[in-house]
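Inspection log for the structure reproduced underneath, given as structure tokens.
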Amino acid sequence: MTGLGALFGLTALLYAAVGFGGGSTYTALLLLAGVAVGLVPAISLACNVIVVSGGTIRFARSGVTPWVKALPLVAVAAPLAFLGGLTPVKQGVLVTLLGLSLLASALALLIQPLTARPVKLSPALLLPITAALGYLAGVVGIGGGIFLAPILHLIRWAEERSVAATASLFILVNSLFGLTGQLLKGKGGEMVGAVASYWPLLIAVLIGGAIGTQLAVKSGPATLIRRLTALLVGVVAIRLLVGF
């Protein structure tokens with residue numbers, strides 16, 4: 001548990017620094033550690049809530065959260081995250097889905113063209129995309145921000161810190177709704193006790209997330225941190241797809 005806690009703390013620090021919660025990597029690490037597949041999404045979502053709660057508040061206080069633009073994305077995705085949390089998933093399907101999702105996320109983070117020509121995307125298409133991300137978030141135990149942020153950067157939806165703030169809010173709400181679905185699916189009382197038994201991981205992400213959030217709010221997401229995050233996600237994705 002000590003080694004896993006250290007990895008969770010590092011993950012929380014890196015992800016929080018770029019406005020994410022880390023749920024994708026928590027899920028992957030838990031699977032690699034042999035944690036029961038039915039419990040993995042709930043633990044990951046609980047960690048997400050801990051990491052991004054402080055970040056969401058700090059981003060809001062800093063005045064960088066674009067509420068008018070962000071709330072429709074959250075409102076569309078949240079109900080789908082709840083449905084995703086209720087959806088039963090077999091371990092083989094979960095591992096494959098997560099591995100492919102992580103690999104796509106790592107590539108998106110690495111090639112994110114901050115100075116390239118913007119891509120035009122109709123608002124009518126952005127909402128269905130966020131809805132799909134919400135459902136995926138609930139199913140595999142992530143918040144969806146790691147998928148949403150590269151899209152928002154690519155279409156120049158807002159400046160970088162505003163995107164990070166939006167991703168943080170998106171993850172928080174999706175994680176809360178997804179966790180609710182997971183608890184209802186898995187006999188809430190038993191699931192709460194099982195998640196609580198992993199309290200060292202929750203403390204680790206609380207500490208790591210607090211440090212990462214300060215980096216994000218004070219100086220904004222750095223290219224180096226983004227690349228390190230992409231490397232971490234990519235390594236875990238490949239391990240899942242070829243060696244689980």
In sequence, state the C-alpha distance, the side-chain angles, and the governing distance for Tyr198 and Leu202, and then conclude on side-chain contact (heavy atoms from CB on, under 4.5 Å).
CA-CA 7 Å; Tyr198 285 84; Leu202 304 181; 5.6 Å; no

Measuring from Leu14:CG to Phe20:CZ, what's the distance to the nearest 0.5 Å?
11.5 Å

Atom CG in Leu201, atom OG in Ser44: separation rounded to 0.5 Å?
9.5 Å

Consider side-chain contact (heavy atoms from CB on, under 4.5 Å). Of Ile43, Asn48, Ile142, Leu7, which one does Tyr26 pass it with?
Asn48

Measure across Leu45 and Leu179 and return the closest heavy-atom pair with its distance rounded to 0.1 Å.
CD1-N, 3.4 Å

Any side-chain heavy atom of Trp67 sitting closer than 4.5 Å to one from Leu169?
yes

Given the options Val52, Thr65, Val173, Val51, Ser168 meets side-chain contact (heavy atoms from CB on, under 4.5 Å) only with Val52

Are Ile129 and Phe147 close enough that some pair of their side-chain heavy atoms sits under 4.5 Å apart?
no

Looking at every heavy atom in both Leu4 and Ala33, which two are closest together, and how far apart are they?
CD2-CB, 4.3 Å

Tightest non-hydrogen contact, residues Ala167 and Ala149, listed as CB-CB, 4.3 Å

Only pairs under 3.5 Å count here: list side-chain donor-acceptor contacts from residues 68-77, not counting sequence neighbours, and write none if there are none.
{"residue": "Lys69", "atom": "NZ", "partner": "Trp157", "partner atom": "O", "Å": "2.3"}

Verdict with reasoning, Leu126 to Leu152, per side-chain contact (heavy atoms from CB on, under 4.5 Å)
CA-CA 9 Å; Leu126 184 58; Leu152 297 184; 4.2 Å; yes

So which atom in Ser175 and which in Gly143 form the shortest heavy-atom distance, rounded to 0.1 Å?
OG-CA, 3.9 Å

Is the closest side-chain donor-acceptor distance between Thr25 and Thr11 under 3.5 Å?
no

Below 4.5 Å, heavy atoms only, C-beta onward: do Leu97 and Leu136 meet side chain to side chain?
yes

Ser62 side, atom OG; Ile57 side, atom CD1 - distance, nearest 0.5 Å:
11.5 Å

Considering all heavy atoms of both residues, which atom of Pro66 and which atom of Ser162 are nearest to each other, and what is their separation?
CD-O, 3.7 Å

Is there a side-chain contact (heavy atoms from CB on, under 4.5 Å) between Thr130 and Leu148? Walk through the geometry before answering.
CA-CA 7 Å; Thr130 56; Leu148 178 65; 3.7 Å; yes

Thr96 side chain to Val93 main-chain N or O, any donor-acceptor pair under 3.5 Å?
no

Can you tell me how far apart CG (Leu133) and CD1 (Ile151) are? Round to the nearest 0.5 Å.
5.5 Å

Closest non-hydrogen atoms of Gly84 and Gln182, given as atom of the first, atom of the second and distance, are O-NE2, 4.4 Å

Please lay out, stage by stage, how Leu176 and Leu172 fare under the test side-chain contact (heavy atoms from CB on, under 4.5 Å).
CA-CA 6 Å; Leu176 287 170; Leu172 175 60; 4.1 Å; yes

How long is the straight-line distance from CZ of Phe82 back to OH of Tyr135, given to the nearest 0.5 Å?
12.5 Å

